[in-house]
Amino acid sequence: MTDVRRQLRSGTVVLGGMGLLAAALTACSSDPDKRCVDRDSYRASRGYKVVADKNCTSTKTSVNGTWYYGGSKKSGYVEGGSFTKSSKGSGSSTGGSSGGSGVDRGGLGGGKGSSGG
């Protein structure tokens with residue numbers, strides 16, 4: 001009887017620990033490329049200057065802090081991203097504008113280059 005209880009307790013600990021680990025990983029990975037930048041610090045050669053997160057969460061700062069998504073960070077500056085958070089599952093992570101909406105509304109193979117029947 002003692003062995004059964006011990007097995008149940010250890011199984012509960014393992015399952016509970018896995019749940020906590022999953023929750024922690026989900027919370028940490030929600031916006032991995034979100035950075036606070038000074039919107040007024042843009043340089044063509046470097047991008048936007050990365051500043052402390054408090055500049056994006058508080059209104060009482062001297063910096064025009066805004067969240068910047070994606071891009072690559074180098075020497076305290078970030079470039080190649082966007083001020084708009086991309087929606088998950090959109091199929092595109094470039095954030096660039098190509099002039100189209102990126103949605104194919106054709107039915108039964110009715111895409112570009114197909115002829116109607």
Side-chain angles (χ1 to χ4, degrees):
M1 187 66 160
T2 306
D3 290 336
V4 173
R5 282 189 188 159
R6 190 171 292 157
Q7 285 179 340
L8 288 175
R9 262 189 265 151
S10 64
T12 303
V13 170
V14 169
L15 290 176
M18 293 297 283
L20 287 174
L21 178 63
L25 289 175
T26 302
C28 291
S29 66
S30 60
D31 287 323
D33 293 333
K34 180 171 102 172
R35 298 174 181 92
C36 185
V37 299
D38 180 0
R39 194 174 194 116
D40 299 329
S41 68
Y42 181 77
R43 291 186 186 176
S45 61
R46 301 179 96 181
Y48 291 95
K49 183 176 182 180
V50 178
V51 294
D53 287 354
K54 68 179 181 180
N55 292 303
C56 288
T57 57
S58 176
T59 57
K60 298 179 181 181
T61 62
S62 61
V63 175
N64 187 6
T66 307
W67 292 114
Y68 192 78
Y69 301 93
S72 58
K73 183 179 176 185
K74 184 177 179 183
S75 301
Y77 285 81
V78 65
E79 64 180 345
S82 172
F83 288 108
T84 306
K85 183 177 179 180
S86 64
S87 61
K88 293 183 180 178
S90 66
S92 174
S93 61
T94 59
S97 61
S98 61
S101 65
V103 177
D104 184 12
R105 299 194 188 279
L108 298 173
K112 292 181 181 176
S114 65
S115 59

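As a basis for the values below, the full set of heavy atoms in this structure was taken, side chains included, without hydrogen atoms, waters or symmetry mates.
- Across all their heavy atoms, W67 and T57 have their closest contact at CZ2-CG2, 4.0 Å.
- Applying the under-4.5 Å side-chain rule to Ile, Leu, Val, Met, Phe, Trp and Tyr, the cluster around Y77 consists of that residue alone.
- Hydrophobic cluster membership differs between Y42 and V63, with clusters built from Ile, Leu, Val, Met, Phe, Trp and Tyr side chains linked at under 4.5 angstrom.
- When all heavy atoms are compared, the tightest approach of C36 to A52 is SG-O, 3.4 Å.
- Nearest approach of R35 to V78, heavy atoms of both residues: NH1-CG2, 3.8 Å.
- Residues satisfying the ring pair (Phe, Tyr, Trp, His ring centres under 6.0 Å) test with F83, not counting sequence neighbours, are Y48, Y68.
- In this structure, the side chain of S41 engages the main chain of K49 through a donor-acceptor pair within 3.5 Å.
- Not counting sequence neighbours, the partners of N64 by the side chain to side chain contact (heavy atoms under 4.5 Å, CB included) test are D38, R39, D40, T66.
- Taking CD of E79 as the start and NZ of K74 as the end, the distance is 8.5 Å to the nearest 0.5 Å.
- Of all heavy-atom pairs spanning V37 and V51, the tightest one is C-CG2, 3.8 Å.
- C56 has its side chain out of reach of D53: every pair of non-hydrogen atoms, C-beta onward, lies at least 4.5 Å apart.
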